[in-house]
Amino acid sequence: MHKLTLAAMQRSLESGEFSSVELCQHLIERTKQHNETLNAFVSITEEQALSEAKAADEKRAAGDTLGSLHGLPIAHKDIFCTDGVRTSCGSKMLENFVPPYNATVVEKLKSAGAISLGKTNMDEFAMGSSNENSFFGVVRNPWDTERVPGGSSGGSAAAVAGRLVPACTGTDTGGSIRQPAAFCGITGIKPTYGRVSRYGMIAFASSLDQGGPLAATAEDCALLLNEMAGFDPRDSTSIDRANDDYMATLHQPVKGMKIGLPKQYFEAGLDDSIAALLQQAIKELEKLGAEFVDIELKNQHLAVPAYYIVAPAECSSNLARFDGVRYGHRCEDPKDLEDLYKRSRAEGFGREVKRRILVGTYALSAGYYDAFYVKAQKIRSLISQDFSQAFADVDFILGPTTPSPAFKIGEKTSDPVAMYLNDIYTIPANLAGLPGISVPCGDVGGLPVGLQLVGNYFDEARLLNVAHQYQTVTDWHTRIPG
Ligand code: GLN
(Lines give C-alpha, C1' and ligand atoms only; values in the text may rest on other atoms or scores of the structure.)
Protein backbone atom coordinates (compact mmCIF):
# COMPACT_ATOMS: atom_id res chain seq x y z
CA MET A 1 0.00 0.00 0.00
CA HIS A 2 2.75 2.44 1.00
CA LYS A 3 4.44 2.11 -2.40
CA LEU A 4 1.50 3.73 -4.18
CA THR A 5 1.57 7.35 -5.26
CA LEU A 6 -0.96 9.76 -3.82
CA ALA A 7 -2.95 9.60 -7.08
CA ALA A 8 -2.98 5.79 -6.98
CA MET A 9 -4.07 5.81 -3.32
CA GLN A 10 -6.90 8.14 -4.32
CA ARG A 11 -8.08 5.64 -6.95
CA SER A 12 -7.86 2.75 -4.49
CA LEU A 13 -9.89 4.63 -1.91
CA GLU A 14 -12.50 5.43 -4.56
CA SER A 15 -12.76 1.83 -5.76
CA GLY A 16 -12.94 0.56 -2.18
CA GLU A 17 -9.77 -1.52 -2.47
CA PHE A 18 -8.87 -0.32 1.01
CA SER A 19 -10.25 2.21 3.45
CA SER A 20 -8.72 5.39 4.71
CA VAL A 21 -8.44 3.83 8.19
CA GLU A 22 -6.54 0.85 6.76
CA LEU A 23 -4.24 3.12 4.78
CA CYS A 24 -3.51 5.52 7.64
CA GLN A 25 -3.04 2.68 10.11
CA HIS A 26 -0.54 0.99 7.80
CA LEU A 27 1.45 4.18 7.26
CA ILE A 28 1.47 5.06 10.96
CA GLU A 29 2.83 1.59 11.83
CA ARG A 30 5.48 2.00 9.16
CA THR A 31 6.37 5.45 10.40
CA LYS A 32 6.75 4.25 13.98
CA GLN A 33 8.95 1.42 12.79
CA HIS A 34 11.26 3.47 10.54
CA ASN A 35 11.29 6.74 12.41
CA GLU A 36 13.76 5.36 14.95
CA THR A 37 16.34 5.32 12.18
CA LEU A 38 15.17 8.15 9.91
CA ASN A 39 13.96 10.67 12.54
CA ALA A 40 11.79 12.22 9.83
CA PHE A 41 8.82 12.91 12.12
CA VAL A 42 8.91 15.00 15.31
CA SER A 43 5.25 14.23 16.16
CA ILE A 44 2.94 11.45 15.04
CA THR A 45 -0.69 12.40 15.59
CA GLU A 46 -2.02 8.87 15.55
CA GLU A 47 -5.24 9.27 17.47
CA GLN A 48 -6.37 12.38 15.62
CA ALA A 49 -5.43 10.86 12.25
CA LEU A 50 -7.30 7.63 12.84
CA SER A 51 -10.42 9.39 14.04
CA GLU A 52 -10.34 11.66 10.98
CA ALA A 53 -9.82 8.61 8.75
CA LYS A 54 -12.81 6.89 10.32
CA ALA A 55 -14.95 9.98 9.72
CA ALA A 56 -13.66 10.14 6.13
CA ASP A 57 -14.65 6.51 5.49
CA GLU A 58 -18.09 7.14 6.94
CA LYS A 59 -18.57 10.24 4.82
CA ARG A 60 -17.59 8.30 1.71
CA ALA A 61 -19.95 5.47 2.59
CA ALA A 62 -22.77 7.98 3.07
CA GLY A 63 -22.32 9.19 -0.52
CA ASP A 64 -21.53 12.81 0.46
CA THR A 65 -19.65 15.14 -1.87
CA LEU A 66 -15.96 14.69 -1.21
CA GLY A 67 -12.96 17.00 -1.45
CA SER A 68 -10.17 16.25 -3.92
CA LEU A 69 -7.91 14.79 -1.22
CA HIS A 70 -10.60 12.98 0.70
CA GLY A 71 -9.16 10.46 3.16
CA LEU A 72 -5.60 10.78 1.84
CA PRO A 73 -2.70 10.81 4.31
CA ILE A 74 -0.12 13.61 4.30
CA ALA A 75 2.22 15.24 6.83
CA HIS A 76 3.18 18.84 7.52
CA LYS A 77 6.61 20.34 7.94
CA ASP A 78 6.77 21.47 11.55
CA ILE A 79 6.94 25.11 10.44
CA PHE A 80 3.18 25.20 9.70
CA CYS A 81 1.02 26.07 12.69
CA THR A 82 -1.41 23.28 13.56
CA ASP A 83 -4.30 23.90 15.92
CA GLY A 84 -3.75 21.94 19.13
CA VAL A 85 -0.67 20.14 17.80
CA ARG A 86 2.80 21.22 18.88
CA THR A 87 4.61 23.31 16.24
CA SER A 88 8.32 23.45 17.12
CA CYS A 89 9.94 24.76 13.92
CA GLY A 90 12.83 22.43 14.80
CA SER A 91 13.77 24.66 17.73
CA LYS A 92 14.11 24.38 21.48
CA MET A 93 12.60 27.88 21.46
CA LEU A 94 9.22 26.41 20.40
CA GLU A 95 9.65 22.98 21.95
CA ASN A 96 6.36 23.38 23.83
CA PHE A 97 4.48 25.75 21.52
CA VAL A 98 0.95 24.59 20.72
CA PRO A 99 -0.72 27.03 18.30
CA PRO A 100 -4.38 27.92 18.76
CA TYR A 101 -4.98 28.01 14.99
CA ASN A 102 -4.13 26.35 11.68
CA ALA A 103 -1.92 27.86 8.99
CA THR A 104 -3.93 28.59 5.83
CA VAL A 105 -2.13 25.76 4.01
CA VAL A 106 -3.05 23.31 6.78
CA GLU A 107 -6.64 24.53 6.78
CA LYS A 108 -6.96 24.29 2.99
CA LEU A 109 -5.57 20.75 2.80
CA LYS A 110 -7.78 19.70 5.69
CA SER A 111 -10.89 21.10 4.03
CA ALA A 112 -9.99 19.19 0.87
CA GLY A 113 -10.15 16.04 2.99
CA ALA A 114 -6.45 15.32 3.59
CA ILE A 115 -5.51 13.68 6.87
CA SER A 116 -2.33 14.76 8.61
CA LEU A 117 -0.36 11.91 10.19
CA GLY A 118 2.00 14.28 11.99
CA LYS A 119 4.71 16.90 11.79
CA THR A 120 8.05 16.45 10.07
CA ASN A 121 11.53 17.31 11.28
CA MET A 122 13.39 20.30 9.83
CA ASP A 123 16.40 22.54 10.32
CA GLU A 124 15.79 25.01 13.14
CA PHE A 125 13.63 27.87 11.78
CA ALA A 126 14.30 26.44 8.28
CA MET A 127 17.94 27.53 8.36
CA GLY A 128 20.06 24.81 6.85
CA SER A 129 20.71 22.51 3.92
CA SER A 130 21.18 19.20 5.71
CA ASN A 131 18.73 18.90 8.60
CA GLU A 132 21.68 18.79 10.96
CA ASN A 133 20.48 22.02 12.61
CA SER A 134 17.34 20.55 14.17
CA PHE A 135 16.93 20.63 17.95
CA PHE A 136 15.35 17.18 17.49
CA GLY A 137 18.42 15.67 15.88
CA VAL A 138 19.60 14.92 12.39
CA VAL A 139 17.29 13.30 9.82
CA ARG A 140 18.78 10.42 7.86
CA ASN A 141 18.52 9.93 4.12
CA PRO A 142 16.58 6.70 3.35
CA TRP A 143 18.94 5.99 0.41
CA ASP A 144 21.97 5.92 2.72
CA THR A 145 21.41 6.53 6.40
CA GLU A 146 24.97 7.84 6.83
CA ARG A 147 24.00 10.77 4.57
CA VAL A 148 21.89 13.87 5.03
CA PRO A 149 18.43 14.17 3.42
CA GLY A 150 19.04 17.83 2.57
CA GLY A 151 17.26 20.69 4.27
CA SER A 152 15.51 22.46 5.60
CA SER A 153 12.47 20.31 4.63
CA GLY A 154 14.59 17.17 5.19
CA GLY A 155 12.03 15.43 7.38
CA SER A 156 9.35 15.85 4.72
CA ALA A 157 11.66 14.61 1.94
CA ALA A 158 12.88 11.60 3.94
CA ALA A 159 9.30 10.73 4.94
CA VAL A 160 8.17 10.69 1.29
CA ALA A 161 11.30 8.89 0.00
CA GLY A 162 10.95 6.26 2.75
CA ARG A 163 7.26 5.93 1.81
CA LEU A 164 6.12 6.72 5.34
CA VAL A 165 3.61 9.10 3.79
CA PRO A 166 2.91 9.79 0.09
CA ALA A 167 3.19 13.59 0.24
CA CYS A 168 4.21 16.37 2.59
CA THR A 169 4.20 20.12 2.81
CA GLY A 170 7.49 22.01 2.83
CA THR A 171 8.82 25.53 2.58
CA ASP A 172 11.53 26.98 0.38
CA THR A 173 13.43 30.17 1.24
CA GLY A 174 16.62 29.36 -0.65
CA GLY A 175 16.03 25.81 -1.84
CA SER A 176 14.50 23.95 1.08
CA ILE A 177 11.90 22.11 -1.00
CA ARG A 178 13.97 21.48 -4.14
CA GLN A 179 17.31 20.54 -2.57
CA PRO A 180 15.96 17.87 -0.16
CA ALA A 181 13.70 16.58 -2.97
CA ALA A 182 16.83 16.13 -5.11
CA PHE A 183 18.81 14.44 -2.33
CA CYS A 184 15.96 12.03 -1.58
CA GLY A 185 14.92 11.16 -5.15
CA ILE A 186 11.47 12.77 -5.05
CA THR A 187 9.67 15.71 -6.70
CA GLY A 188 9.18 19.12 -5.07
CA ILE A 189 7.94 22.45 -6.35
CA LYS A 190 8.49 25.93 -4.97
CA PRO A 191 5.67 28.09 -6.34
CA THR A 192 5.89 31.75 -7.35
CA TYR A 193 6.28 34.05 -4.35
CA GLY A 194 2.75 35.00 -3.29
CA ARG A 195 1.00 31.96 -4.80
CA VAL A 196 0.72 30.00 -1.53
CA SER A 197 -0.32 31.75 1.68
CA ARG A 198 2.34 32.33 4.33
CA TYR A 199 -0.28 32.84 7.05
CA GLY A 200 0.60 30.56 9.97
CA MET A 201 3.87 29.50 8.36
CA ILE A 202 6.56 30.55 10.85
CA ALA A 203 8.60 33.27 9.17
CA PHE A 204 12.30 32.93 8.35
CA ALA A 205 12.90 35.49 5.57
CA SER A 206 9.52 36.91 4.63
CA SER A 207 10.42 38.20 1.16
CA LEU A 208 11.73 34.75 0.14
CA ASP A 209 9.67 32.14 2.05
CA GLN A 210 7.19 30.13 0.03
CA GLY A 211 5.33 26.92 0.86
CA GLY A 212 4.88 24.02 -1.54
CA PRO A 213 4.44 20.26 -1.84
CA LEU A 214 6.92 17.36 -1.86
CA ALA A 215 5.77 14.01 -3.29
CA ALA A 216 7.01 11.14 -5.42
CA THR A 217 5.68 12.55 -8.70
CA ALA A 218 4.79 15.81 -10.41
CA GLU A 219 1.20 14.57 -10.64
CA ASP A 220 1.03 14.20 -6.85
CA CYS A 221 2.53 17.67 -6.44
CA ALA A 222 -0.20 19.00 -8.76
CA LEU A 223 -2.90 17.32 -6.67
CA LEU A 224 -1.58 19.02 -3.54
CA LEU A 225 -0.78 22.39 -5.07
CA ASN A 226 -4.30 22.61 -6.46
CA GLU A 227 -5.51 22.88 -2.88
CA MET A 228 -2.57 24.78 -1.34
CA ALA A 229 -2.47 27.66 -3.83
CA GLY A 230 -4.78 30.64 -3.81
CA PHE A 231 -5.35 34.16 -2.52
CA ASP A 232 -5.43 34.67 1.22
CA PRO A 233 -6.50 38.06 2.61
CA ARG A 234 -4.63 37.19 5.82
CA ASP A 235 -1.27 37.29 4.01
CA SER A 236 -0.50 40.77 2.68
CA THR A 237 1.90 39.34 0.07
CA SER A 238 -0.60 36.81 -1.22
CA ILE A 239 -1.54 37.48 -4.84
CA ASP A 240 -5.17 37.94 -5.78
CA ARG A 241 -5.30 35.94 -8.95
CA ALA A 242 -7.50 33.13 -10.21
CA ASN A 243 -6.35 29.60 -9.40
CA ASP A 244 -5.04 27.34 -12.13
CA ASP A 245 -6.06 23.70 -12.35
CA TYR A 246 -2.66 22.02 -12.25
CA MET A 247 -4.12 18.57 -12.87
CA ALA A 248 -5.96 19.65 -16.02
CA THR A 249 -2.82 20.63 -17.94
CA LEU A 250 -0.49 17.75 -16.98
CA HIS A 251 -1.07 15.91 -20.24
CA GLN A 252 -0.33 18.72 -22.66
CA PRO A 253 2.47 18.06 -25.13
CA VAL A 254 5.97 19.37 -24.51
CA LYS A 255 6.47 19.82 -28.24
CA GLY A 256 7.56 23.32 -29.15
CA MET A 257 8.58 24.34 -25.65
CA LYS A 258 11.83 26.23 -25.52
CA ILE A 259 14.19 25.53 -22.65
CA GLY A 260 17.23 27.64 -21.78
CA LEU A 261 20.51 26.15 -20.57
CA PRO A 262 22.44 28.79 -18.62
CA LYS A 263 26.12 28.61 -19.40
CA GLN A 264 26.85 29.51 -15.77
CA TYR A 265 25.05 26.40 -14.48
CA PHE A 266 27.22 23.97 -16.39
CA GLU A 267 30.61 25.45 -15.54
CA ALA A 268 33.12 24.48 -12.85
CA GLY A 269 31.64 23.45 -9.51
CA LEU A 270 29.16 20.95 -10.95
CA ASP A 271 29.90 17.25 -10.43
CA ASP A 272 30.77 15.57 -13.79
CA SER A 273 28.41 12.72 -13.06
CA ILE A 274 25.53 15.16 -12.51
CA ALA A 275 26.37 17.01 -15.72
CA ALA A 276 26.21 13.69 -17.61
CA LEU A 277 22.78 12.88 -16.13
CA LEU A 278 21.50 16.31 -17.13
CA GLN A 279 22.63 15.66 -20.71
CA GLN A 280 20.58 12.45 -20.71
CA ALA A 281 17.54 14.32 -19.40
CA ILE A 282 18.00 16.95 -22.10
CA LYS A 283 17.93 14.16 -24.70
CA GLU A 284 14.70 12.75 -23.25
CA LEU A 285 13.07 16.16 -23.36
CA GLU A 286 14.31 16.69 -26.91
CA LYS A 287 12.66 13.43 -27.90
CA LEU A 288 9.43 14.83 -26.44
CA GLY A 289 9.84 17.81 -28.74
CA ALA A 290 11.45 20.42 -26.50
CA GLU A 291 13.97 22.74 -28.05
CA PHE A 292 17.12 23.79 -26.15
CA VAL A 293 19.05 27.03 -26.41
CA ASP A 294 22.08 28.36 -24.55
CA ILE A 295 21.43 31.37 -22.36
CA GLU A 296 23.32 33.53 -19.87
CA LEU A 297 22.49 34.30 -16.27
CA LYS A 298 25.32 36.75 -15.80
CA ASN A 299 24.90 37.50 -12.13
CA GLN A 300 24.38 33.92 -11.01
CA HIS A 301 27.64 33.96 -9.01
CA LEU A 302 26.32 36.82 -6.85
CA ALA A 303 23.18 34.99 -5.72
CA VAL A 304 24.61 33.16 -2.70
CA PRO A 305 26.40 36.20 -1.23
CA ALA A 306 23.32 38.40 -1.75
CA TYR A 307 21.05 35.76 -0.20
CA TYR A 308 23.29 35.48 2.86
CA ILE A 309 22.74 39.17 3.55
CA VAL A 310 19.02 39.41 2.73
CA ALA A 311 17.92 36.19 4.48
CA PRO A 312 19.82 36.81 7.74
CA ALA A 313 18.69 40.48 7.75
CA GLU A 314 15.04 39.43 7.53
CA CYS A 315 15.49 36.59 10.01
CA SER A 316 17.08 38.90 12.58
CA SER A 317 13.94 41.00 12.43
CA ASN A 318 11.46 38.08 12.32
CA LEU A 319 13.08 36.21 15.20
CA ALA A 320 13.08 39.27 17.47
CA ARG A 321 9.60 38.19 18.60
CA PHE A 322 11.06 35.18 20.43
CA ASP A 323 12.09 37.06 23.54
CA GLY A 324 10.76 34.87 26.35
CA VAL A 325 7.76 37.15 26.90
CA ARG A 326 4.98 35.92 24.67
CA TYR A 327 6.15 32.89 22.71
CA GLY A 328 8.28 29.92 23.44
CA HIS A 329 11.15 29.27 25.75
CA ARG A 330 11.57 31.40 28.87
CA CYS A 331 14.67 31.16 31.07
CA GLU A 332 14.34 30.39 34.78
CA ASP A 333 14.39 33.13 37.42
CA PRO A 334 15.34 36.15 35.31
CA LYS A 335 16.94 38.99 37.28
CA ASP A 336 15.32 41.69 35.17
CA LEU A 337 13.83 42.19 31.71
CA GLU A 338 17.18 42.36 29.95
CA ASP A 339 18.31 39.15 31.62
CA LEU A 340 15.03 37.50 30.52
CA TYR A 341 15.62 38.47 26.88
CA LYS A 342 19.28 37.50 26.87
CA ARG A 343 19.06 34.15 28.56
CA SER A 344 15.80 33.05 26.93
CA ARG A 345 17.32 33.68 23.50
CA ALA A 346 20.72 32.27 24.40
CA GLU A 347 19.11 29.05 25.66
CA GLY A 348 16.34 28.76 23.08
CA PHE A 349 18.23 29.24 19.79
CA GLY A 350 20.84 26.90 18.30
CA ARG A 351 24.21 27.88 16.82
CA GLU A 352 23.17 28.41 13.19
CA VAL A 353 20.19 30.54 14.13
CA LYS A 354 22.40 32.69 16.35
CA ARG A 355 24.95 33.03 13.56
CA ARG A 356 22.24 34.27 11.16
CA ILE A 357 20.84 36.74 13.70
CA LEU A 358 24.32 38.15 14.28
CA VAL A 359 25.03 38.46 10.55
CA GLY A 360 21.61 40.02 9.98
CA THR A 361 21.82 42.63 12.73
CA TYR A 362 25.34 43.51 11.57
CA ALA A 363 24.24 43.95 7.94
CA LEU A 364 21.33 46.15 9.04
CA SER A 365 23.32 48.31 11.48
CA ALA A 366 23.51 52.03 10.65
CA GLY A 367 27.17 51.96 9.60
CA TYR A 368 26.87 48.94 7.29
CA TYR A 369 23.33 49.13 5.93
CA ASP A 370 24.35 50.72 2.61
CA ALA A 371 27.46 48.62 2.17
CA PHE A 372 25.72 45.30 2.75
CA TYR A 373 21.92 45.35 2.82
CA VAL A 374 21.32 47.95 0.09
CA LYS A 375 23.99 46.38 -2.10
CA ALA A 376 22.46 42.92 -1.69
CA GLN A 377 19.07 44.34 -2.71
CA LYS A 378 20.63 45.83 -5.84
CA ILE A 379 22.13 42.46 -6.75
CA ARG A 380 18.73 40.94 -6.18
CA SER A 381 17.29 43.28 -8.82
CA LEU A 382 20.06 42.37 -11.26
CA ILE A 383 19.33 38.69 -10.80
CA SER A 384 15.61 39.26 -11.44
CA GLN A 385 16.48 41.25 -14.58
CA ASP A 386 18.67 38.39 -15.86
CA PHE A 387 15.72 36.04 -15.50
CA SER A 388 13.28 38.45 -17.17
CA GLN A 389 15.62 38.78 -20.12
CA ALA A 390 15.96 35.01 -20.36
CA PHE A 391 12.19 34.49 -20.23
CA ALA A 392 11.75 36.85 -23.14
CA ASP A 393 13.24 34.00 -25.23
CA VAL A 394 12.58 30.75 -23.41
CA ASP A 395 9.74 29.03 -21.55
CA PHE A 396 11.88 27.39 -18.87
CA ILE A 397 15.42 27.26 -17.59
CA LEU A 398 16.97 23.87 -16.92
CA GLY A 399 19.89 23.09 -14.67
CA PRO A 400 21.01 20.96 -11.74
CA THR A 401 19.20 21.27 -8.41
CA THR A 402 22.38 20.70 -6.40
CA PRO A 403 26.11 20.66 -7.20
CA SER A 404 26.50 17.09 -5.83
CA PRO A 405 24.37 14.23 -4.48
CA ALA A 406 23.64 13.94 -0.72
CA PHE A 407 26.77 14.41 1.39
CA LYS A 408 27.75 12.56 4.55
CA ILE A 409 26.38 13.55 7.94
CA GLY A 410 28.99 15.80 9.57
CA GLU A 411 30.87 16.43 6.31
CA LYS A 412 30.06 20.14 6.06
CA THR A 413 29.05 21.07 9.61
CA SER A 414 32.36 22.75 10.46
CA ASP A 415 32.36 24.87 7.30
CA PRO A 416 29.25 27.05 7.00
CA VAL A 417 30.34 28.50 3.65
CA ALA A 418 30.68 25.03 2.08
CA MET A 419 27.20 24.30 3.42
CA TYR A 420 25.80 27.58 2.03
CA LEU A 421 27.21 26.84 -1.44
CA ASN A 422 24.96 23.80 -1.68
CA ASP A 423 22.12 26.13 -2.61
CA ILE A 424 23.95 27.84 -5.44
CA TYR A 425 21.41 26.67 -8.08
CA THR A 426 18.25 27.04 -6.04
CA ILE A 427 18.70 30.48 -4.41
CA PRO A 428 18.36 32.61 -7.60
CA ALA A 429 14.70 31.58 -8.05
CA ASN A 430 13.92 32.72 -4.49
CA LEU A 431 15.67 36.05 -4.95
CA ALA A 432 13.59 36.64 -8.08
CA GLY A 433 10.37 35.11 -6.65
CA LEU A 434 10.12 32.61 -9.52
CA PRO A 435 8.70 29.07 -9.39
CA GLY A 436 11.06 26.09 -9.58
CA ILE A 437 10.66 22.32 -9.54
CA SER A 438 13.13 19.54 -8.80
CA VAL A 439 12.59 16.19 -10.51
CA PRO A 440 14.65 12.98 -10.07
CA CYS A 441 16.83 12.43 -13.16
CA GLY A 442 19.23 9.65 -12.25
CA ASP A 443 21.59 8.37 -9.62
CA VAL A 444 25.26 8.48 -8.84
CA GLY A 445 26.47 5.44 -6.94
CA GLY A 446 22.95 4.73 -5.69
CA LEU A 447 22.31 8.31 -4.60
CA PRO A 448 19.50 10.22 -6.32
CA VAL A 449 20.14 13.31 -8.42
CA GLY A 450 17.63 16.02 -9.28
CA LEU A 451 17.22 18.36 -12.21
CA GLN A 452 15.69 21.77 -11.74
CA LEU A 453 13.34 23.63 -14.03
CA VAL A 454 12.66 27.29 -13.28
CA GLY A 455 9.64 28.92 -14.90
CA ASN A 456 8.33 32.42 -15.35
CA TYR A 457 6.00 33.96 -12.74
CA PHE A 458 2.85 31.88 -12.17
CA ASP A 459 3.94 29.24 -14.66
CA GLU A 460 3.53 26.40 -12.15
CA ALA A 461 1.01 24.64 -14.41
CA ARG A 462 3.47 24.33 -17.27
CA LEU A 463 6.34 23.38 -14.95
CA LEU A 464 4.26 20.53 -13.58
CA ASN A 465 3.19 19.66 -17.11
CA VAL A 466 6.79 19.32 -18.40
CA ALA A 467 7.87 17.47 -15.26
CA HIS A 468 4.95 15.07 -15.60
CA GLN A 469 5.68 14.45 -19.28
CA TYR A 470 9.33 13.77 -18.40
CA GLN A 471 8.11 11.28 -15.79
CA THR A 472 5.99 9.46 -18.37
CA VAL A 473 9.20 8.55 -20.26
CA THR A 474 11.57 8.01 -17.31
CA ASP A 475 11.30 5.92 -14.16
CA TRP A 476 13.68 7.63 -11.70
CA HIS A 477 10.72 8.90 -9.67
CA THR A 478 9.40 5.35 -9.20
CA ARG A 479 12.51 4.06 -7.43
CA ILE A 480 12.20 3.34 -3.75
CA PRO A 481 15.14 2.89 -1.33
CA GLY A 482 15.69 -0.68 -0.15
N1 GLN B 1 19.72 26.27 2.86
C2 GLN B 1 19.27 27.62 2.81
C3 GLN B 1 19.49 28.29 4.13
O4 GLN B 1 20.09 27.71 4.97
C5 GLN B 1 17.82 27.67 2.42
C6 GLN B 1 16.92 27.25 3.51
C7 GLN B 1 15.48 27.34 3.12
O8 GLN B 1 15.14 27.36 1.94
N9 GLN B 1 14.64 27.41 4.13
O10 GLN B 1 19.10 29.39 4.35
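As the structure lists them, so they are numbered: ligands from 1, and atoms in each ligand from 1.
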Inset, instruction - Could you find the nearest protein heavy atom to atom 6 (C) of ligand 1 and give me its residue, atom name and distance? - result: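 Going atom by atom, the protein heavy atom closest to atom 6 (C) of ligand 1 ends up being S176 OG, 2.9 Å.
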Legend entry - Minimum-distance protein heavy atom relative to atom 1 (N) of ligand 1: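 Here the nearest protein heavy atom works out to D423 OD2, 2.5 Å.
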Sub-4.0 Å heavy-atom contact, [X] with ligand 1:
{"X": "Y420", "answer": "no"}
{"X": "A311", "answer": "no"}
{"X": "R356", "answer": "yes"}

Inset, instruction - Taking atom NZ of K412 as the centre, report whether more than 12 heavy atoms of other residues, nucleotides or ligands fall under 6.0 Å from it. - result: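 Count over threshold, so yes.
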Legend entry - Residue Y368 excluded, over 12 heavy atoms near OH under 6.0 Å: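 Not more than 12 within 6.0 Å, no.
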Find all atoms of ligand 1 within a distance of less than 4.0 Å from any non-hydrogen atom belonging to [X], and give their numbers and elements.
{"X": "F204", "result": "9 (N), 10 (O)"}
{"X": "G128", "result": "1 (N), 2 (C), 3 (C), 4 (O), 6 (C)"}
{"X": "Y308", "result": "2 (C), 3 (C), 4 (O), 10 (O)"}
{"X": "A126", "result": "6 (C), 7 (C), 9 (N)"}
{"X": "S152", "result": "9 (N)"}
{"X": "Y307", "result": "2 (C), 3 (C), 5 (C), 6 (C), 10 (O)"}

Are [X] and [Y] packed together at the side-chain level, in the sense that at least one heavy-atom pair is separated by less than 4.5 angstrom?
{"X": "P166", "Y": "L27", "result": "yes"}
{"X": "V105", "Y": "M201", "result": "no"}
{"X": "I409", "Y": "E132", "result": "yes"}
{"X": "N430", "Y": "R178", "result": "yes"}

Legend entry - Polar atom proximity, D172 to ligand 1 (N or O, under 3.5 Å):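 No; every N/O pair is 3.5 Å or more apart.
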Inset, instruction - Output yes when the distance from some N or O of ligand 1 to some N or O of G174 is under 3.5 Å, and no in every other case. - result: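 Such a contact does occur with ligand 1.
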Inset, instruction - Hey, can you tell me if F407 and F183 have their rings parallel, tilted or perpendicular (30° and 60° cut-offs)? - result: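 Aromatic pair F407/F183 classed perpendicular.
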Inset, instruction - Please work out whether the ring planes of Y199 and Y101 are parallel, tilted or perpendicular, with thresholds of 30° and 60°. - result: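 Geometry flag for Y101 against Y199: tilted rings.
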Legend entry - Option among S176, S130, S129 that satisfies the side chain to side chain donor-acceptor pair (under 3.5 Å) test with S152: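 Answer after filtering S176, S130, S129: S176.
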Inset, instruction - Measure T173 to ligand 1 on non-hydrogen atoms and call it side chain, backbone, both or neither using the 4.0 Å cut-off. - result: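 The part of T173 near ligand 1 is both the backbone and the side chain.
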